[in-house]
Amino acid sequence: MYRLLLLAIVAIGLAPGTLIRTPTGLRSDVAVVAVTPVTSREGVEGALTLTGAWELTSAHGWFGGFSALVASGPDSLIAGSDRGWLLDLDVSGETPSAVPGSFRFVGERVSAREEIVDLEALARDPGTGTLWAAFENFNLVTRIDADGRRASRKPGAMRKWSRNSGPETMERLADGRFLILAEGAERSSMADRPALLFASDPLASPRPPLAFSFVSEPGYDPVDATQLPDGRLLILLRRVAYSIPAEFSTAIALADPAAIRPGEPWRARVIQRLSGEVFGDNFEGIAFIPDPADPALGAVWVIADDNFSAFQRNLLLRFAWDGRAIP
């Protein structure tokens with residue numbers, strides 16, 4: 001009975017904004033974002049070199065909860081939050097900065113008492129600037145064109161996914177296909193996660209997606225992915241230890257989409273881990289920006305979701321990537 005009560009308390013605490021912090025102010029308020037360096041490197045191990053770490057803070061009532069990250073140019077990122085907000089980040093210098101006035105709401109009101117806000121993944125077409133957002137609790141994908149036009153769809157292959165463990169990972173591949181992974185397994189005892197590969201835009205793909213399963217690291221859930229110039233994918237994995245406060249461990253895994261086969265398990269190899277008091281936060285977004293002089297090199301960016309909790313932080317990390325050194 002005590003264990004069930006503990007799990008319930010932790011689950012409530014992890015739900016966005018339900019236990020620790022209540023939004024104040026107006027949505028229309030301008031978010032002034034501070035970027036503070038984190039100097040510690042304790043708890044980081046693996047093939048990647050951590051080259052920067054920062055905490056993002058703002059007094060804006062809806063700031064935080066960053067659960068998605070995508071590159072938006074050679075020196076910029078877009079972070080998405082599970083309250084349905086986007087934030088543009090300028091990473092052209094040694095220290096990243098938030099683009100002034102860019103914090104904006106992209107959720108959707110569906111009734112007087114309900115909004116679609118549980119944004120968990122972002123994908124982007126670099127040629128057109130079109131953005132796709134996956135909303136987990138609704139198993140919904142929304143497309144936002146560069147001119148602001150919107151369209152949404154609940155793909156049939158995702159309709160039976162759990163409302164609380166649905167499309168947590170989405171990546172538009174360089175060839176125009178879309179990869180979507182569910183956060184949760186179909187049964188609690190399974191390590192496999194339902195996975196789909198769409199031939200094109202999930203809102204307009206002319207045929208059903210290819211269905212397969214992603215085999216996660218034991219105890220870890222996939223929470224985001226980003227494609228490298230050589231075609232491989234980095235997949236962000238997260239593990240939660242249910243305690244008060246909750247404890248998180250993070251892994252970054254490498255997988256090749258060329259190995260995906262219908263109905264078969266697709267596996268990834270862990271190359272990096274984050275844990276401990278300094279980096280034991282809830283990392284949920286990952287994005288890669290190549291070096292313009294050499295696409296085999298670049299920066300891997302990772303962002304954390306503070307769950308609007310006083311115990312967690314919105315951290316932004318940068319790792320150096322050398323594709324030639326990681327076979």
Side-chain angles (χ1 to χ4, degrees), residues 6-21 36 38 40 42-46 50 53-58 62-70 77 79-87 89 117-122 134-137 164-170 181-184 193 216-217 219-226 234-253 270 272-287 300-319:
L6 176 62
L7 289 173
I9 293 173
V10 173
I12 293 172
L14 294 178
T18 57
L19 182 64
I20 304 300
R21 202 172 80 207
T36 306
V38 175
S40 176
E42 185 178 348
V44 179
E45 59 176 319
L50 182 65
W54 302 268
E55 182 178 2
L56 309 179
T57 56
S58 176
W62 278 264
F63 187 85
F66 293 108
S67 54
L69 195 65
V70 68
L77 298 165
S81 86
D82 50 23
R83 278 189 174 163
W85 292 73
L86 299 181
L87 176 68
L89 295 167
V117 295
D118 194 14
L119 192 163
E120 295 290 346
L122 291 170
F135 293 89
E136 182 184 41
N137 271 343
N164 195 41
S165 302
E168 184 87 15
T169 298
M170 178 173 61
L181 307 180
E183 177 187 7
R193 303 295 188 269
S216 184
E217 176 86 351
Y220 286 79
D221 299 318
V223 291
D224 204 6
T226 186
L234 292 175
I235 300 174
L236 189 64
L237 306 174
R238 176 195 59 191
R239 181 176 64 188
V240 183
Y242 291 100
S243 59
I244 301 177
E247 298 177 0
F248 298 89
S249 299
T250 302
I252 300 175
V270 170
Q272 190 75 25
R273 295 187 185 276
L274 299 169
S275 61
E277 293 185 7
V278 179
F279 294 109
D281 276 271
N282 181 29
F283 290 98
E284 288 201 37
I286 188 170
V300 177
W301 294 87
V302 181
I303 199 166
D305 174 358
D306 69 347
N307 285 312
F308 304 96
S309 165
F311 300 116
Q312 297 168 241
R313 299 169 294 170
N314 296 300
L315 293 181
L316 181 66
L317 310 183
R318 182 185 63 207
F319 295 90

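Bear in mind that the values here come from a model prediction, so they are computed numbers and not experimental data.
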*Asks:* Is the closest side-chain heavy-atom distance between E284 and E168 below 4.5 Å?
*Replies:*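 Yes, at least one pair of side-chain atoms sits under 4.5 Å.
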
*Asks:* Show, in sequence, the C-alpha distance, side-chain angles and deciding distance for F63 and L87, and conclude whether the side-chain contact (heavy atoms from CB on, under 4.5 Å) test is met.
*Replies:* CA-CA 9 Å; F63 187 85; L87 176 68; 3.9 Å; yes

*Asks:* What distance separates F319 CZ from L234 CG, expressed to the nearest 0.5 Å?
*Replies:*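 Going from CZ on F319 over to CG on L234, the span is 10.5 Å.
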
*Asks:* Looking at side-chain heavy atoms only, is the closest gap between I303 and L77 below 4.5 Å?
*Replies:*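 No, every pair of side-chain atoms sits at 4.5 Å or beyond.
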
*Asks:* Taking R238 as the fixed residue, which of N282, D224, D281 is the one that meets the side chain to side chain donor-acceptor pair (under 3.5 Å) rule?
*Replies:*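 With R238 as partner, N282, D224, D281 yield a single side chain to side chain donor-acceptor pair (under 3.5 Å), made by N282.
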
*Asks:* Compare every heavy atom of L122 with every heavy atom of A79, then report the nearest pair and how far apart it is.
*Replies:*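 Scanning both residues completely, I find the closest heavy atoms to be C-CD1, 4.2 Å.
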
*Asks:* What do the steps show when you test Q272 against T250 for side-chain contact (heavy atoms from CB on, under 4.5 Å), and what is the final call?
*Replies:* CA-CA 8 Å; Q272 190 75 25; T250 302; over 6 Å; no

*Asks:* Once rounded to the nearest 0.5 Å, what's the spacing between atom CD of E55 and atom CG of L316?
*Replies:*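 Taking CD in E55 and CG in L316, the distance rounds to 11.0 Å.
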
*Asks:* In Å and rounded to the nearest 0.5 Å, what is the CG to CG distance from D221 to L236?
*Replies:*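 Atom-to-atom, D221:CG and L236:CG are 11.0 Å apart.
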
*Asks:* Please assess L317 against L274 for the test side-chain contact (heavy atoms from CB on, under 4.5 Å), listing each intermediate value before the final yes or no.
*Replies:* CA-CA 11 Å; L317 310 183; L274 299 169; 3.8 Å; yes

*Asks:* Roughly how far apart are T226 OG1 and L69 CG, rounded to 0.5 Å?
*Replies:*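 Output value for this atom pair is 8.0 Å.
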
*Asks:* Nearest 0.5 Å please: distance from the CG atom of D82 over to the CG atom of D306.
*Replies:*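 Reported value, rounded in 0.5 Å steps: 8.5 Å.
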
*Asks:* Determine, step by step, whether I252 and V302 satisfy the side-chain contact (heavy atoms from CB on, under 4.5 Å) criterion, reporting the C-alpha distance in whole Å, the side-chain angles of both residues, the deciding distance to 0.1 Å, and the verdict.
*Replies:* CA-CA 10 Å; I252 300 175; V302 181; 4.2 Å; yes

*Asks:* Do the ring planes of F283 and F279 sit parallel (below 30°), tilted (30 to 60°) or perpendicular (above 60°)?
*Replies:*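 It falls in the tilted class, 30° to 60°.
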
*Asks:* Compare every heavy atom of P222 with every heavy atom of R193, then report the nearest pair and how far apart it is.
*Replies:*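 Taking every non-hydrogen atom into account, CG-CD, 3.7 Å.
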
*Asks:* So which atom in P167 and which in A134 form the shortest heavy-atom distance, rounded to 0.1 Å?
*Replies:*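 Minimum heavy-atom separation between P167 and A134: O-CB, 3.8 Å.
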
*Asks:* To the nearest 0.5 angstrom, please state how far the CG atom of L181 sits from the OG1 atom of T169.
*Replies:*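 That separation rounds to 5.0 Å.
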
